[in-house]
Amino acid sequence: MPDSHSDASTSATPVLPTRSTFLNDVLEGLGRDQKTLSAKYFYDETGSQLFEAICEQEEYYPTRTEMGIMQRYIDEMVALIGPGALLVEYGSGSSLKTRILLDHLIEPAGYVPIDISHDFLQQTARELSTRYPHIRIAPVSADYTRPFQLPVFEPAPRRRIVYFPGSTIGNFEPAAAVAFLKRVARVCGPGGALLIGVDLKKPVEVLEAAYDDAGGVTAAFNKNVLERINRELDADFDIDRFAHRALYNRAKGRIEMHLVSQEAQTVTISGHRIDFERCETIHTENSYKYAPDEFARLAATAGFVQQHVWTDDAPYFSVQYLTVGGTARA
């Protein structure tokens with residue numbers, strides 16, 4: 001990459017699922033006994049905007065709690081990261097929490113925000129380029145659960161720090177989380193580290209309210225995936241015939257989000273008929289919650305060592321610093 005700061009409008013090259021991949025994923029998921037849709041398809045431009053709105057709801061504690069942790073302990077985090085690091089963020093969204101890091105990092109080599117929503121990413125990257133003209137910003141539009149190409153930085157950064165805020169790691173089944181973290185470890189490389197948000201176990205009433213806010217924003221977010229399928233895959237979902245449901249599965253330690261068919265109905269997607277029984281659900285998302293020691297064991301399976309855990313006072317949420325192969329900074 002050249003020494004001059006990248007133009008955000010030209011550096012974000014889409015590497016997104018094709019229509020055929022989207023269609024195949026939807027038909028495969030809705031063909032199961034328990035119908036499912038991948039949570040990654042939540043994040044078209046509308047979905048990304050709705051998620052930002054969710055983060056502002058009173059019931060949704062993760063965003064403001066994580067922000068508080070970041071603000072309270074940023075000096076400790078920056079000391080661990082050290083100077084000259086390249087910050088790579090998975091699922092950057094509006095990069096709101098990242099700005100706390102960018103405000104404090106010591107001579108960062110650059111910032112690579114990665115997001116599946118191309119237009120939303122470009123808009124955010126342009127805003128960040130204006131706010132941080134001294135930092136090279138190279139956005140990558142990609143599905144970060146699949147292989148993607150990082151931009152080349154010259155001179156080479158001293159180390160790579162992957163930043164994965166929010167509770168997105170909880171959206172993965174545990175085995176898939178390990179596989180994902182192994183790929184992250186390869187991106188971090190020798191001497192690299194992962195700064196990750198991990199939601200903690202807590203009272204059921206707090207959890208369920210967070211995923212079913214009184215204002216109905218999470219319900220709109222959940223239903224938007226059907227709107228997207230209608231728009232992009234020539235489908236005819238009647239959105240009003242589906243209801244949002246969020247529940248805590250205590251045995252599996254996870255929140256589950258579903259869309260519930262309010263009556264027996266048939267939906268057509270690109271000419272394919274999908275039948276629904278009354279009260280049948282589409283399982284759209286899981287959000288696993290971990291105790292710190294549980295997540296330490298999971299991360300260790302992927303080659304990470306848990307070096308530091310910061311939490312709020314409750315504690316409801318954690319930000320964790322993991323190093324590759326146990327490499328700790330002095």
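The structure displayed is predicted, hence computed values, not measured ones.
Counting only N and O atoms by type, the side chains of Glu28 and Thr36 include no donor and acceptor under 3.5 Å apart. Side-chain contact check for Tyr211 and Glu59: no donor-acceptor pair (N or O, by modelled atom type) lies under 3.5 Å. For the residue pair Asp275 / Thr266, a side-chain donor-acceptor distance below 3.5 Å is found, with atom types taken as modelled. Side-chain atoms of Asn222 and Thr284 include a donor-acceptor pair closer than 3.5 Å. Side-chain contact of Asn249 with Asn286: a donor-acceptor pair under 3.5 Å is absent, judged by distance alone. Inspection of the Ser270 and Arg19 side chains reveals an N or O donor paired with an N or O acceptor under 3.5 Å. For the residue pair Asp103 and Tyr132, a side-chain donor N or O sits within less than 3.5 Å of a side-chain acceptor on the partner. Counting only N and O atoms by type, the side chains of Tyr248 and Lys289 include no donor and acceptor under 3.5 Å apart.
Residues Tyr90 and Phe148 place their aromatic rings such that the two centres sit under 6.0 Å apart.
No side-chain heavy atom of Leu101 sits less than 4.5 Å from a side-chain heavy atom of Glu89. Taking the side chain as every heavy atom from C-beta outward, Val184 and Phe164 never approach each other to under 4.5 Å. When side chains are defined from C-beta on, Phe276 counts as touching Ile282, because their heavy atoms get closer than 4.5 Å. Tyr73 places none of its side-chain heavy atoms less than 4.5 Å from the side chain of Val319. Between Phe172 and Thr145 there is a side-chain heavy-atom pair separated by less than 4.5 Å. Side-chain atoms of Tyr290 and Ser318, non-hydrogen and from C-beta on, never get closer than 4.5 Å to each other. Looking at Glu227 and Asn224, their side chains come closer than 4.5 Å, going by heavy atoms from C-beta outward. Looking only at side-chain heavy atoms (C-beta outward), Glu285 and Val225 stay at 4.5 Å or farther from each other.
The shortest non-hydrogen separation linking Met70 to Leu195 is CE-CD2, 4.5 Å. Across Ala243 and Lys223, no two heavy atoms sit closer than the pair CA-CE, 4.2 Å. The two atoms that bring Thr301 and Arg297 nearest to each other are OG1-O, 3.0 Å, heavy atoms only. The two atoms that bring Tyr60 and Ile54 nearest to each other are CB-O, 3.4 Å, heavy atoms only. Residues Ile137 and Ser129 share a closest heavy-atom pair of CD1-N, 3.6 Å. In this structure, Ala138 and Pro151 approach most closely via the heavy-atom pair CB-CG, 3.7 Å.
A distance of 11.0 Å separates CG of Leu50 from SG of Cys55, quoted to the nearest 0.5 Å. Note that OH of Tyr111 and OG1 of Thr98 are 3.5 Å apart. Values are rounded to the nearest 0.5 Å. Here the CG atom belonging to Leu247 is positioned 6.5 Å from the CD atom belonging to Glu208, to the nearest 0.5 angstrom. Separating the CD1 atom in Ile196 from the OH atom in Tyr321 is a distance of 13.5 Å, to the nearest 0.5 Å. Note that CG of Leu30 is 4.5 Å distant from CG of Leu37, once rounded to the nearest 0.5 Å. Taken from CG in Asp115 to CD in Gln122, the straight-line distance is 11.5 Å, to the nearest 0.5 Å.
No more than 12 heavy-atom neighbours from other residues, nucleotides or ligands sit within 6.0 angstrom of CD on Gln149. For Arg64, the CZ atom counts as densely surrounded, since its 6.0 Å shell holds more than 12 non-hydrogen atoms of other residues, nucleotides or ligands. Dense packing is recorded around CD of Glu173, with more than 12 heavy atoms of other residues, nucleotides or ligands lying under 6.0 Å away. Other residues, nucleotides and ligands place no more than 12 heavy atoms under 6.0 Å from the CD atom of Glu277. The local environment of CD in Glu107 is sparse, with at most 12 non-hydrogen atoms from other residues, nucleotides or ligands closer than 6.0 Å.
The closest donor-acceptor contact from the side chain of Glu280 to the backbone of Ser261 lies at 3.5 Å or more, if one exists at all. At distances below 3.5 Å, not a single donor-acceptor pair connects side-chain atoms of Ser38 with backbone N or O atoms of Tyr41. Remark: the backbone N or O of Gly191 is paired with a side-chain donor or acceptor of Arg159 at under 3.5 angstrom. Of the possible polar contacts, one joining the Gln306 side chain to the Pro292 backbone as a donor-acceptor pair under 3.5 Å is found. Asp312 contributes no side-chain N or O that, together with a main-chain N or O of Pro315, makes up a donor-acceptor pair within less than 3.5 Å. With hydrogens and angles ignored, the 3.5 Å screen pairs no side-chain donor or acceptor of Arg183 with any backbone N or O of Pro147. Judged purely by atom type and a 3.5 angstrom limit, Gln57 uses its side chain to pair as donor or acceptor with the backbone of Ala53.
Classified by interplanar angle (parallel below 30°, tilted 30° to 60°, perpendicular above 60°), the ring pair Phe221/Phe51 is tilted. Ring pair Phe180/Tyr144 is tilted by interplanar angle, where 30° to 60° counts as tilted. Ring geometry, His283 versus His258: the interplanar angle falls under 30°, so the pair is classed parallel (tilted spans 30 to 60°).
Leu226 and Val260 fall into different hydrophobic clusters, where Ile, Leu, Val, Met, Phe, Trp and Tyr residues are linked whenever their side-chain heavy atoms come under 4.5 Å apart, directly or through other members. Grouping the Ile, Leu, Val, Met, Phe, Trp and Tyr side chains by contacts below 4.5 angstrom, directly or via other members, places Ile269 with Phe22. Residue Ile239 is grouped with residue Val267 when hydrophobic side chains (ILVMFWY) are merged at heavy-atom distances under 4.5 angstrom, including chains of intermediate members. A continuous path of ILVMFWY side-chain contacts below 4.5 Å connects Leu105 to Ile69, so both sit in one hydrophobic cluster. Tracing side-chain contacts under 4.5 Å through hydrophobic residues (I, L, V, M, F, W, Y), one never reaches Phe295 starting from Val309; they form parts of separate clusters.
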CA sep, side-chain torsions, deciding dist, call: Glu58, Asp213, side chain to side chain contact (heavy atoms under 4.5 Å, CB included):
CA-CA 8 Å; Glu58 181 180 353; Asp213 57 276; over 6 Å; no
Verify side chain to side chain contact (heavy atoms under 4.5 Å, CB included) between Glu56 and Thr63, making sure each step is shown before the conclusion.
CA-CA 8 Å; Glu56 297 174 0; Thr63 301; over 6 Å; no
Determine, step by step, whether Tyr61 and Leu207 satisfy the side chain to side chain contact (heavy atoms under 4.5 Å, CB included) criterion, reporting the C-alpha distance in whole Å, the side-chain angles of both residues, the deciding distance to 0.1 Å, and the verdict.
CA-CA 9 Å; Tyr61 63 85; Leu207 284 167; 3.3 Å; yes
Verdict with reasoning, Arg131 to Leu102, per side chain to side chain contact (heavy atoms under 4.5 Å, CB included):
CA-CA 10 Å; Arg131 177 167 175 168; Leu102 295 178; over 6 Å; no
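Not a single side-chain hydrogen bond (donor to acceptor under 3.5 Å, both in side chains) links Lys182 to another residue, sequence neighbours left out.
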